Amino acid sequence: MQFKNFKIHVYRGYVQNNYLVEYNDKILLVDGACRPDMERIAVFVKEKLGRSMTDIKLTAVTHCHPDHAGAAHVLREKYGIPVAAPYDIDVWYSGIGGFFQHLSDTFQANFMALKMKTKLRRLYYRRKLNPDYKLFDNSELPLFSDWKAIHAPGHTSHNIMLFNKENKLLYIADSIIDTGGKFLPPVPVLFPSEMKKSLLKIKELKPDIILLAHSPSPFLPYNEEMIDKTLRKVDAKDPIFIRLFYLISKFTGEYRRRREKL
Ligand SMILES: [Fe+2]
């Protein structure tokens, strides 16, 4: 899709959408994808875009989950692509609780792949990302100053969204899940009040188009009703099946530390 200054290409990853923002002289990879996506991203860039992997100047990671950070590590190792991520991303998987959370999240991503009838691949990636650039609320992305990080916790303590003001374009990552016109909060929402504030930030930003990591429609015209529907679901009681996932999403020590502070 053509925008002012760049084109956006959608790469359908292992269980998620990723976006390649193509400028004349550089490419921004929006979110860090799953580890097995690395080879497929390389093929996509070379064959579909006719560009070189060295044209990717940055991977912007929104949070630590396997479908958002898994390929960022290996793309950096293999092609030297630097990573920008929330300043506190590595706290989530630290310590023994973080170790088990990382295992559990990797299992959950493969469960999602099974549900989507995707052939199972090895998802292992290192727990700690050590970002080359640390992003705070409203930080401009390095080399891509037309994009800003927007702090959007709730799903984890450190999620961000990425906003391009000039094109009124907002990548919301996992802030909303679209199952084909049905808008839901992510699983898990570990900090419901923060999640609601993050959703309200989308209303304040008033984007024209939102980009979702999990949606069959990669470029969604925005309307406030999406937010209202999702907000209502944050407070709704989850089915038992979903509640089981909550049981295996609270190992991280940061969950308890943050809940105490809130
Ligand atoms: Fe996530």
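Fair warning: this is a prediction, and the values are worked out from it, not measured in the lab. Remember, it's 1-based here, ligands and their atoms both numbered in the order they're listed. Keep in mind that the numbers below use all heavy atoms, side chains included, and drop hydrogens, waters and symmetry copies.
Contact annotation: D67 places no N, O or S atom under 2.8 Å from the Fe ion (ligand 1). Residue side and main chain included, H63 places an N/O/S atom under 2.8 Å of the Fe ion (ligand 1).
Here the angle centred on the Fe ion (ligand 1), running from NE2 of H155 over to ND1 of H65, is 90°, rounded to 10°.
Side-chain N or O atoms of R243 include one that pairs as donor or acceptor with a backbone N or O of D238 at under 3.5 Å.
Using a 4.0 Å cut-off between charged nitrogen and carboxylate oxygen, K196 and D235 count as a salt-bridge pair.
Looking only at atom types and distance, the side chain of N17 has no donor-acceptor partner in the side chain of H214 under 3.5 Å away.
Counting heavy atoms from C-beta outward, P153 and M195 have side chains that stay 4.5 Å or more apart.
Considering just the N/O/S atoms of D174, the one nearest the Fe ion (ligand 1) carries the name OD2.
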